[in-house]
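Numbers restart at 1 for each chain; the letters A, B, ... are given by sequence-line order, proteins then strands.
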Number of protein chains: 2
Amino acid sequence: MEKYKKILRKNKLKITPKRVSIINYFLQNNKYFTPHQIWEFMKKKFKKIGLSTIYRNLEKFEKIGILTKVEGEENRFYYGICKKTNKKHHHHIICISCHKIRDFDLCNFEQLKKQIEKITEFNIKEHHIFLKGICLNCEREA
Amino acid sequence: MEKYKKILRKNKLKITPKRVSIINYFLQNNKYFTPHQIWEFMKKKFKKIGLSTIYRNLEKFEKIGILTKVEGEENRFYYGICKKTNKKHHHHIICISCHKIRDFDLCNFEQLKKQIEKITEFNIKEHHIFLKGICLNCEREA
DNA sequence: ATTCTAAATGAAAATCATTTTCATTTAAAA
DNA sequence: TTTTAAATGAAAATGATTTTCATTTAGAAT
Ligand SMILES: [Zn+2]
Ligand SMILES: [Zn+2]
Ligand SMILES: [Zn+2]
Ligand SMILES: [Zn+2]
C-alpha cells in the first residue's frame, strides 16, 4: 500500500480513507469490477459514500496507472488492478470464469507488426492486445 | 451490393431501401462512423428516418458480419465496413488521421500465444488485436 | 396482381451508465 | 492552528442506446 500512496502523492492526489479502501479492495481481489460493484463494497465500510466518488476515483486511478479499464459485455466498463505501475508497455489478460485480471509485459509484436504494415500499407502507431482465457485455478477446478 | 443483398437474405433480413443505402454509404467511404453520423447522412436521403432504425440496423449488420464495431474515444462506438464476410479470423486497423478502416487476416499469433500462456499460466481462449496507425494516403499528404 | 404476415420503421418515452453542479467537508501545506 | 485547494455527497443533468407501440412495408402465399 505504501507503494500506492507514493504514486498518489507523486500525482498530487490526496490520500483519503476512501481511496485507500478502494485500492486495497482491488489489491485483495485481483479481479475486475464495475464502478457499481466497488460502490456496493464501499457502502459496507462507509456510511456516506457517493457513486460519483467511485467514478471520479476509478478514472483518476486509471490515469495514473494504478488501474486498467477493460470493456466488458454490453458496453459496460470494468476496472482492474494493474501491477505494472512503471508505465512500461504491457497488456492484460482476464479469466472468463473468475474475472481475475493480470498484466504481462512480454510482447513480441515487432515481427507481426512489420508483416501487417507491409500488407496493409499502414504505418502502425498503436497496438492494443486484449486476451481472454481460463486461469490456472479455474482450469484445475474444471 | 449483390453480395451484401445475398448476406441479408441468408440471414432472413429484408432488403429495404434504407438498409441498402446504409451499406452503400459504408462501401463508398471505407471509414468508421457513429450511428449519429450515419443518421445525418440518411436524413438527407429520406424524409422519414429515425435514429433508432440506424441503431437497429447497425447492430444487425455487425451480427451478420457486414460491419465491425470499434470503440472510439469517450466511450462511444463506431461502425466500419468489414470486407471479410467469410467469417474467417481477422482483425482491423484504423487510420488515426482520416478514419479509414480496413481488415486483414494475417495473424501469426500462435507463437506469441504460447509464450504468454507459459508466463501467465492462462489458457488463452480469445485474442483481440486492434491497431491504429496512419494510412498510405495520409502518410503521403503529411 | 392481390392478399397476407412477419419484419421493419418512426416517434416518443424509457433506460441507465456516466458526468456535472454546487454546497460542504477534509487532507495536508503553511 | 489556520488556510486552501482538493475531495466528497446528493441531486440533477447528460447523452448514448434501447424499448414500446402503432403504422408501414417487403416478400411470401394465393
Ligand atoms: Zn479464473
Ligand atoms: Zn504490446
Ligand atoms: Zn488515413
Ligand atoms: Zn488473430
Side-chain angles (χ1 to χ4, degrees), chain A residues 1-2 4-23 25 32-64 66-67 69-80, chain B residues 1-2 4-23 25 32-64 66-79:
Chain A
M1 176 46 68
E2 213 33 60
Y4 290 93
K5 287 187 177 174
K6 263 182 200 154
I7 298 174
L8 290 184
R9 283 191 201 100
K10 191 168 61 185
N11 288 279
K12 285 163 188 137
L13 296 184
K14 290 180 180 172
I15 294 161
T16 67
K18 284 165 186 172
R19 285 181 170 164
V20 170
S21 188
I22 291 174
I23 294 171
Y25 189 61
Y32 57 90
F33 299 102
T34 60
H36 199 278
Q37 288 174 316
I38 298 297
W39 189 44
E40 290 301 332
F41 161 72
M42 293 290 282
K43 280 195 284 192
K44 292 178 199 153
K45 305 201 69 174
F46 298 88
K47 58 174 177 299
K48 283 187 116 196
I49 174 78
L51 182 54
S52 48
T53 297
I54 308 295
Y55 272 96
R56 284 185 285 232
N57 282 319
L58 296 185
E59 187 186 4
K60 278 178 179 152
F61 292 170
E62 191 211 0
K63 205 158 286 174
I64 64 177
I66 288 178
L67 298 180
K69 192 178 185 179
V70 304
E71 77 168 299
E73 308 77 43
E74 297 141 22
N75 304 357
R76 255 210 241 94
F77 288 95
Y78 296 77
Y79 287 87
Chain B
M1 177 47 65
E2 215 30 66
Y4 290 94
K5 287 186 177 174
K6 261 181 202 157
I7 298 175
L8 290 184
R9 283 191 201 99
K10 192 169 59 183
N11 288 280
K12 286 163 187 134
L13 296 184
K14 290 179 179 171
I15 295 163
T16 67
K18 285 167 188 173
R19 284 180 171 165
V20 170
S21 189
I22 292 174
I23 295 171
Y25 189 63
Y32 57 93
F33 298 103
T34 59
H36 199 277
Q37 287 174 317
I38 298 298
W39 190 43
E40 290 301 332
F41 161 72
M42 293 290 283
K43 279 195 287 190
K44 291 177 198 152
K45 305 201 68 174
F46 298 87
K47 59 174 176 300
K48 281 187 119 201
I49 175 77
L51 182 53
S52 49
T53 297
I54 308 294
Y55 271 97
R56 283 186 285 234
N57 282 319
L58 296 184
E59 186 187 4
K60 276 178 179 153
F61 292 170
E62 192 211 0
K63 204 159 289 174
I64 65 178
I66 288 178
L67 298 181
T68 181
K69 192 178 186 180
V70 304
E71 70 163 312
E73 306 79 41
E74 298 142 20
N75 304 357
R76 255 211 241 94
F77 288 94
Y78 296 77
Y79 288 87

Given atom [atom1] of [X] and atom [atom2] of [N], what is their separation to the nearest angstrom?
X: B:I64; N: C:dA7; atom1: CD1; atom2: C1'; result: 14 Å
X: B:K60; N: D:dT17; atom1: NZ; atom2: C1'; result: 15 Å
X: A:L8; N: D:dA5; atom1: CG; atom2: P; result: 21 Å
X: B:N11; N: C:dA6; atom1: CG; atom2: P; result: 20 Å
X: B:K12; N: C:dA7; atom1: NZ; atom2: P; result: 10 Å
X: B:E59; N: C:dA8; atom1: CD; atom2: P; result: 12 Å
X: B:K69; N: D:dT18; atom1: NZ; atom2: C1'; result: 12 Å
X: B:R19; N: C:dG10; atom1: CZ; atom2: C1'; result: 15 Å

| said: Which residues pass the ring-ring contact (aromatic ring centres under 6.0 Å, His included) test with B:F41, not counting sequence neighbours? | reply: B:Y25
| query | Between the axis at one end of the helix from C:dA1-D:dT30 to C:dA30-D:dT1 and the axis at the other (five pairs apiece), what's the angle to 10 degrees? | reply | 30°
| Residue pair A:Y79, A:E62: steps toward the side chain to side chain contact (heavy atoms under 4.5 Å, CB included) verdict | CA-CA 8 Å; A:Y79 287 87; A:E62 191 211 0; 4.1 Å; yes
| Any pair counted as salt bridge (charged side-chain N to carboxylate O under 4.0 Å, His left out), so long as it reaches residues 34-44 of chain B, sequence neighbours left out |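 Of all non-adjacent pairs touching residues 34-44 of chain B, those that pass salt bridge (charged side-chain N to carboxylate O under 4.0 Å, His left out) are B:E40-B:K43.
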| request: Only counting residues at least two apart or in another chain, list the ones meeting side-chain contact (heavy atoms from CB on, under 4.5 Å) with B:Y55. | output: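 Once residues adjacent in sequence are excluded, the partners of B:Y55 under the side-chain contact (heavy atoms from CB on, under 4.5 Å) criterion are B:P35, B:L51.
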| With sequence neighbours left out, what residues match A:E59 under side-chain contact (heavy atoms from CB on, under 4.5 Å)? |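 Partners of A:E59 under the side-chain contact (heavy atoms from CB on, under 4.5 Å) test: A:K63.
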| said: When you compare the side chain of A:F77 with that of A:V70, does any pair of heavy atoms fall below 4.5 Å? | reply: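 The answer is no, as the side chains (C-beta and beyond) never meet within the 4.5 Å cut-off.
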| said: Can you confirm whether B:I22 sits close enough to B:L58 that some side-chain heavy atom of one is under 4.5 Å from a side-chain heavy atom of the other? | reply: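 Side chain of B:I22 against side chain of B:L58, heavy atoms only: contact under 4.5 Å found.
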[N] OP1/OP2 closer than 4.0 Å to side-chain N/O of [X]:
X: A:R56; N: D:dT8; result: no
X: B:K18; N: C:dG10; result: yes
X: B:T53; N: C:dG10; result: yes
X: A:Y55; N: C:dT19; result: no

| task | Decide yes or no on side chain to side chain contact (heavy atoms under 4.5 Å, CB included) for A:I54 and A:I49, but give the supporting numbers first. | result | CA-CA 8 Å; A:I54 308 295; A:I49 174 78; 4.2 Å; yes
Anything under 3.5 Å between a protein N or O and an N or O of nucleotides 26-28 of chain C, put it in a table, one pair a line.
from   : atom 1 : to    : atom 2 : distance (Å)
C:dA27 : N3     : A:K14 : NZ     : 3.2
C:dA28 : OP1    : A:I15 : N      : 2.8

| query | Can you name the side chain to side chain donor-acceptor pair (under 3.5 Å) partners of A:T53, sequence neighbours left out? | reply |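 For A:T53, no residue satisfies side chain to side chain donor-acceptor pair (under 3.5 Å) once neighbours in sequence are set aside.
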| task | Hey, could you give me each pair passing side chain to side chain donor-acceptor pair (under 3.5 Å) that has a residue in residues 7-19 of chain A? Not counting sequence neighbours. | result | A:R19-A:N57
| field | side chain to side chain contact (heavy atoms under 4.5 Å, CB included) between B:L8 and B:I64, worked out | value | CA-CA 8 Å; B:L8 290 184; B:I64 65 178; 3.8 Å; yes
| Interface with DNA chain D, restricted to residues 36-52 of chain A and to heavy atoms under 4.0 Å | A:K48, A:I49, A:G50, A:S52
| task | List the steps, then state whether side chain to side chain contact (heavy atoms under 4.5 Å, CB included) holds for A:K5 with A:V20. | result | CA-CA 8 Å; A:K5 287 187 177 174; A:V20 170; 4.2 Å; yes
